[in-house]
Chemist: 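Sharing a structure below in C-alpha cells format, with a few things to ask.
Counting convention: from 1, in listed order, for ligands and their atoms alike. Residues take their numbers from the sequence shown, with the count starting at 1.
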Amino acid sequence: MITSVKEILAKAKEGGYAVGAFNTINLETTRAIVDAAQELRSPVIIQVTEKTMEYAGGRMIFNIIKNEVEFYAPEVPVGIHLDHGKSFEIIERAVEIGFTSVMYDGSRKKFADNLDITKKVVALCKEKGVDVQGELGSVPYLGEAGTGEINWDEYMTDPGQAATFVRESGIDALAVAIGNAHGFFKEREVPDYDRLEMVNKSCDNMPLVLHGASDWEDGKVKEVISRGICCFNVDTAIRLAFINSVINSTKNQGRSISFDVRNLLGEAREAVKDVVKQKMILFGSDGKI
Ligand code: G3H
Ligand code: 13P
Ligand code: ZN
C-alpha cells in the first residue's frame, strides 16, 4: 500500500529501528525491493533520482513502482520518494506525477539560499500532502576529492544550524553529514557520533536520514540507529549486486552464453533481492508491518 514516508519514518524513529530507502532504476530492481519487503514484512521506501527519471521516464518508473506494490505487496507500507531533487522544477514534476515524498537537496548552496528554497518546496508540497526531506551539511560523492584527503569539517552538519533549518523550513526529515560519503569511498574513519547525537537533540527528534552508508559495516549502522538515524539510503550496494551478477553469469556461461536476456536479468534481480533483505534485517525493519 502506498503510504506517507513521514508516517513510515515516525514509526521507525519511535520503534528504534531504521527503514531502507532503496534506489530503483528499472523493473528488475523494483521487483527485487518489493519482493524483499513482502517476504520480510518490512516497510520500505523506494526512491528514484532525476537521472533515473530521464532514463526510464518519470511517470513510467513511478507507475512501475505503484503497480508492483499494488499487485505484489498490497499490505506492505511503501513510500515513493524523489531522491536528491536539485531544482524546484524537478520537485514540481515529481509532485505532479504523484510521488508521496521528495528530497530537496540544497546542501551545496549557502545556508540562507538552501533554507529559502527548501521553504518554498515545503509550501508547495504541504498543499499537496507530499513529505519533504532537506539536507544540511553535505555528503560528498565518490571521486569528488580526487586522490587527496577529504577535509571533513567542510561537509559536516552543524547542530545549531540544523535546529534553525528544521524549525524554519518545516521539513519532515533531515539528511545529515557526519563523515558519510556516496559510493564505495574512503569515508571518515569513525563517523562523528557525538555530532549526530547533538543534531538529534537539537532537532527535537526529527527523523534523520543517512545517505552514502550502503558500504558501512554492521557495528557503525547499529551505532547510528541508536543515536537517531531512522532511514538509510541504499544505492551503490544494489548497483554492485546487479552488475556483479550479470558479469558472473556471462563469464560462467562462456561460449554457450544464453541469448535469453531474461535469464541474466532474473538472476540479477535475485542478487539485488538478497542484498535488500540483508539490509532490512540489519536496519531492524523486518517484521515491522
Ligand atoms: O545519491 C544518489 C545516487 O547514488 C546517485 O544516483 O546516478 O541516479 O544520480 P544517480
Ligand atoms: P550509497 O552510495 O552508499 O548507496 O548511498 C546512496 C544514496 O545516498 C542515495 O541517495
Ligand atoms: Zn544520497
Chemist: Backbone, side chain, both or neither: what part of A21 comes under 4.0 angstrom of ligand 2, heavy atoms only?
Modeler: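 Looking at A21 and ligand 2, no heavy atom falls under 4.0 Å.
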Chemist: Given side chains that start at C-beta, do those of T24 and Q47 come closer than 4.5 Å, heavy atoms only?
Modeler: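 Not in contact.
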Chemist: Can you tell me which residue and heavy atom of the protein come closest to atom 3 (C) of ligand 1, and the distance to 0.1 Å?
Modeler: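 Here the nearest protein heavy atom works out to D235 OD2, 3.1 Å.
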Chemist: I33 versus V44: any side-chain heavy-atom pair under 4.5 Å?
Modeler: yes
Chemist: Return the orientation label for the H182 and H84 ring planes: parallel under 30°, perpendicular over 60°, tilted otherwise.
Modeler: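 Perpendicular, since the angle between the ring planes exceeds 60°.
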Chemist: Using a strict cut-off of 4.0 Å, indicate which atoms of ligand 2 neighbour a heavy atom of S214.
Modeler: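 Every atom of ligand 2 under 4.0 Å from some heavy atom of S214: 1 (P), 3 (O), 4 (O).
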Chemist: So which bit of M53 gets within less than 4.0 Å of ligand 1, heavy atoms only: side chain, backbone, both or neither?
Modeler: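 The answer is neither; M53 stays 4.0 Å or more away.
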Chemist: Using side-chain heavy atoms (C-beta onward) and a distance below 4.5 Å, is C125 in contact with V102?
Modeler: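 Counting from C-beta outward, C125 and V102 do come under 4.5 Å.
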Chemist: What I'd like to find out is whether the side chain of V209 reaches to under 4.5 Å of the side chain of Q133, using heavy atoms alone.
Modeler: yes
Chemist: Using the Zn ion (ligand 3) as the vertex, how large is the angle between NE2 of H182 and ND1 of H211, rounded to 10 degrees?
Modeler: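 H182 NE2 and H211 ND1 form an angle of 120° at the Zn ion (ligand 3).
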Chemist: Report yes or no: do I65 and I45 belong to one cluster of Ile/Leu/Val/Met/Phe/Trp/Tyr joined by side chain heavy-atom distances under 4.5 Å?
Modeler: no
Chemist: Any idea which protein heavy atom is nearest atom 2 (O) of ligand 2, and the distance to it?
Modeler: T236 OG1, 2.5 Å
Chemist: Can you confirm, on distance only, whether ligand 2 has an N/O atom lying under 3.5 Å from any N/O atom belonging to A181?
Modeler: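 No, since none of the N or O atoms of A181 sits under 3.5 Å from an N or O of ligand 2.
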Chemist: In terms of side-chain heavy atoms, does N151 have a donor or acceptor partner in E154 at a distance below 3.5 Å?
Modeler: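 On atom types as modelled, these side chains qualify, holding a pair under 3.5 Å.
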Chemist: Counting each atom of ligand 2 from 1 as listed, which ones have a heavy atom of A213 under 4.0 Å away?
Modeler: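 Contacts of ligand 2 toward A213, numbered from 1: 3 (O).
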Chemist: Counting both backbone and side chain atoms, is some N or O of D215 under 3.5 Å from an N or O of ligand 2?
Modeler: no
Chemist: Looking only at distances, can you tell me whether any N or O atom of V234, backbone or side chain, sits closer than 3.5 Å to an N or O atom of ligand 2?
Modeler: no
Chemist: Ligand 2 versus D83, non-hydrogen atoms closer than 4.0 Å: side chain, backbone, both, neither?
Modeler: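 Near ligand 2, D83 shows its side chain, while the N, CA, C and O stay back.
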Chemist: Between D83 and ligand 1, which part of the residue brings a heavy atom under 4.0 Å of the ligand: side chain, backbone, both or neither?
Modeler: side chain
Chemist: Please confirm whether K288 makes a cation-pi placement over Y17, using NZ or CZ under 6.0 Å from the six-membered ring centre and within 45° of the ring normal.
Modeler: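 Ring-cation test returns yes.
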Chemist: Could you tell me if the side chain of V78 sits less than 4.5 Å from the side chain of E68, heavy atoms only?
Modeler: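 SC-SC contact between E68 and V78 ruled out.
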Chemist: Would you mind running through ligand 2 and noting each atom that sits below 4.0 Å from a heavy atom of H84?
Modeler: 10 (O)
Chemist: Starting from atom 9 (O) of ligand 1, find the nearest protein heavy-atom neighbour and note its residue, name and distance.
Modeler: T49 OG1, 3.7 Å
Chemist: Give the numbers and elements of all ligand 2 atoms closer than 4.0 Å to a heavy atom of H211.
Modeler: 8 (O), 10 (O)
Chemist: Looking at ligand 2, does N23 have a heavy atom less than 4.0 Å from it?
Modeler: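 Yes, N23 has heavy atoms under 4.0 Å from ligand 2.
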Chemist: I need the atoms of ligand 2 closer than 4.0 Å to a non-hydrogen atom of N233, numbered in the order shown.
Modeler: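 What qualifies from ligand 2 is 5 (O), 6 (C), 7 (C), 8 (O), 9 (C), 10 (O).
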Chemist: Rounded to the nearest 0.5 Å, what's the gap from CG on N233 to CG on D83? Could you check?
Modeler: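 N233 CG to D83 CG: 5.0 Å, rounded to 0.5 Å.
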Chemist: For R239 and ligand 1, answer yes if some heavy atom of the residue is under 4.0 Å from a ligand atom, otherwise no.
Modeler: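 Distance cut 4.0 Å: R239 passes for ligand 1.
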Chemist: Which is it for H84 and ligand 1 at heavy atoms under 4.0 Å: side chain, backbone, both or neither?
Modeler: side chain
Chemist: Can you list the ligand 1 atoms lying under 4.0 Å from a non-hydrogen atom of H182?
Modeler: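 With H182 as reference, the close atoms of ligand 1 come out as 1 (O).
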Chemist: Quick one: does L265's side chain get under 4.5 Å of F242's, heavy atoms only?
Modeler: yes
Chemist: Taking atom types as modelled, find out whether N200 and K13 have a side-chain donor-acceptor pair closer than 3.5 angstrom.
Modeler: yes
